[in-house]
Amino acid sequence: MVGRRFAIALAFLLCAAAAEAAEFDRTVSVPRGTRLDVRLYAGQVVVRAWDRDAVRVRATHFTSDEIDLRTIGRAIAVRAHARRGTPHGIDFEIDVPAWMAVDVAGTYLDVAVEGTAADVAAETVRGDVHVKGGAGSLKLKAIDGEVVLEGARGRAELSSTNDGIRVTGFTGEIIADTVNGSVKLRAIQSISIEVGTFGGDISWEGTISDDGRYQFATHTGGVDVSLDDRVNATVSVRAFEGTFRAAFPVNLPDEASRHRRFSFVLGSGAAHLDLETFGGTISLRPLQMTAR
Amino acid sequence: MNGEDTRVEGGCQGDPWADRLSEYVDGELPARERLAIEEHLAVCAACAAVAQELREVVARAGRMRLDSAPTRDLWPGVRVRLRKPLRLAPLSLPRAGDWRRAAPRLVAAAALVACCAAVAWVVAGRLRPAPAAPPVASAPGQAPSPAGAADRDYETTVAQLRRVVQARLTSDPHVAEVLEKNLAALDVAMADYRDALSKQPGDAHLRRRLIDARDRKLQLLRRAATLTTETGN
């Protein structure tokens, strides 16, 4: 009796395994100016640039899920939903023209965008956002996931509540904020940087432009700034209950030790560098020390 | 295909208007869609309740003042987030690709489980019921409540949002935990700023930082409340 039931269950599972999965693969031509708009519940979306004026969408999904690819106005919209029951995670691979603006949002979703040269917007609740390339407006947000931006230019608005933010090789303006994550900025060319976190550290390696303003503020974390020895900046430090360290000679005013709030000038003092921590450590070091 | 329906489908299956409620409350829907959603709200108690809650929160946030003028208006940031509602549900999400790749192993595992279950059933007579899902993490100690009617209004708004979020995140304890952890970090920061302000009451920068932290907390809660609007919990 038990053996028969087991055989039936096994046969059912085998049939289910064969029947459940389906492939989605569709390519549509797009005129210049069209944008990609993806809204998904869960899974992974990888968007890559290619050299065709067309969008190709590939996915493996359960037959109980339905994928919808359509043109709405000047957007190619990608959606998926379950015909019944709990929605599944679906992994998408999408090829787009490099000029195409990309907008991806989801709940349990990992997002990767590679090689585009246009606006990118990505938002997820649980999942990472990785963007390599992109130009123009770059809005990347996650609640519980890392936000990574590489090799882009334009204006970046980056937010991750519970995880870190990393930016490498970026040219343009950056606004980055997180609650419990750290923010790492490397090889940045910018005249406007505003970074805030409450529980994380902030680290910066990049060029300080004479006409730039750079603001780094954390509550319990540290601020680690590596500076070129030719830097021209007025440095404002607020350490509240924290500490300040510099790996090169800095003339500190007398009130510095009492109030832990002071400023000093490097070079001509042209740029503005605001460093703040409530309870952590602010460290200044020469760029050479970190460029090993 | 769903005609012109392009919305994200998810945790609230079969309710095409669920993710448009925040736009409706914000008055951002075209007249045609607004009329359609109003017809829907007349017959859908769940959506009507959510819409009402959103209206109350919006109204409260609009009335709210802090103990000194904020450096920027809170509402636009919240409003932007309301435009992209997302959904939360349990993270038991198999993927078809995973299934296909893992099917032989899964079948073998299922067979093993079936055998074990059968043996256990024979031996014990019945299987022990699965443990209940863990409760949502309770809120950590609140930061000291600042004085003043405006602050009380802020705390009331925060408490209201907390209730909404906690009620709706029962299906995802992980996100609830993450939210509480981050709210706690903000509470710690606010307590530190208040303490520092008590020693240096004239420090405008500290005051601005306190307002920023409060702003951030409100935004986080509003975002979480909106994200969970369509769970149907």
Side-chain angles (χ1 to χ4, degrees), chain A residues 2 5-6 9-10 13-14 17-18 20-22 37 39-44 59-63 65-66 68 70 72 77 79-82 84-91 105-108 123-126 143-144 161-162 177 179-180 196 198-199 217 219-220 238 240-241 261 276 278-279, chain B residues 1-2 4-11 13-14 19 81 84 86-100 103-104 106-107 110-111 114-115 118-119 121-122 172 174-175 178-179 181-183 185-186 188-189 192-193 196 200 203 205-206 209 212-213 216-217 220 223-224 227:
Chain A
V2 172
R5 283 181 182 168
F6 171 71
L10 191 61
L13 285 168
L14 286 170
E20 282 284 349
D37 185 84
R39 297 285 181 273
L40 295 171
Y41 178 61
Q44 176 180 290
T60 302
H61 62 97
F62 283 93
T63 51
D65 295 325
E66 193 170 63
D68 185 14
R70 69 178 64 193
I72 301 173
R79 306 287 189 266
H81 68 272
R84 61 185 181 282
T86 307
H88 303 109
I90 303 175
D91 292 349
T107 305
Y108 298 111
E123 182 165 1
T124 179
V125 177
R126 279 181 74 179
I143 286 185
D144 188 20
T161 300
N162 193 50
D177 72 86
V179 177
N180 266 322
F198 287 88
H219 185 74
T220 57
R238 288 175 181 270
F240 296 103
E241 296 172 3
R261 187 172 53 189
E276 178 179 329
F278 193 90
Chain B
M1 295 298 221
N2 302 327
E4 290 307 307
D5 179 9
T6 61
R7 291 170 289 279
V8 187
E9 299 296 333
Q13 296 298 303
D19 62 354
R81 285 167 169 76
K84 288 184 178 177
L86 299 169
R87 296 170 180 163
L88 297 178
L91 192 55
S92 53
L93 300 164
R95 298 178 186 183
D98 298 341
W99 172 263
R100 175 168 284 179
L106 286 172
V107 169
C115 286
V119 169
W121 183 74
V122 169
D172 194 336
H174 174 81
V175 171
V178 164
L179 184 68
K181 175 183 161 192
N182 285 275
L183 290 173
L186 291 168
V188 166
D192 285 343
Y193 292 134
Q200 305 170 57
D203 193 324
H205 187 82
L206 275 173
R209 282 286 174 238
D212 285 347
R216 193 72 165 87
K217 181 176 178 178
L220 181 56
R223 191 174 178 197
L227 290 168

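This is a predicted model, so every value here is computed, not measured. Chain letters run A, B, ... following the sequence lines, proteins first, then strands; residues in each count from 1.
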Chemist: Using side-chain hydrogen bond (donor to acceptor under 3.5 Å, both in side chains) as the criterion, list what pairs up with B:His205, not counting sequence neighbours.
Modeler: A:Glu276, B:Arg208
Chemist: How close do A:Arg126 and B:Val175 get, heavy atom to heavy atom, and via which atoms?
Modeler: CD-CG2, 3.5 Å
Chemist: To check you understand the geometry: which heavy-atom pair defines the closest contact between B:Asn182 and A:Thr161, and what is its length?
Modeler: OD1-O, 3.0 Å
Chemist: So which atom in A:His219 and which in B:Val188 form the shortest heavy-atom distance, rounded to 0.1 Å?
Modeler: NE2-O, 4.2 Å
Chemist: Do B:Asp192 and A:Glu241 come close enough that some side-chain heavy atom pair is under 4.5 Å?
Modeler: no
Chemist: Please round to the nearest 0.5 Å and tell me the distance separating atom CG of B:Leu186 and atom CG of A:Asn180.
Modeler: 8.0 Å
Chemist: Is chain A contacted by the side chain of B:Ala196, its backbone, both, or neither, given a heavy-atom distance below 4.5 Å?
Modeler: side chain
Chemist: Mind listing the closest non-hydrogen atom pair of B:Arg209 and A:Ala217 along with its distance?
Modeler: NH2-CB, 3.4 Å
Chemist: Where do B:Asp203 and A:Arg238 come nearest, in terms of heavy atoms and distance?
Modeler: OD1-NH1, 4.2 Å
Chemist: If you measure from CD1 on A:Ile143 to CZ on B:Arg223, what distance do you get to the nearest 0.5 Å?
Modeler: 4.0 Å
Chemist: Is B:Leu179 in contact with chain A via its backbone, its side chain, both, or neither, using a 4.5 Å heavy-atom distance?
Modeler: neither
Chemist: So, do B:Arg216 and A:Asp177 sit near enough that their side-chain heavy atoms are less than 4.5 Å apart?
Modeler: yes
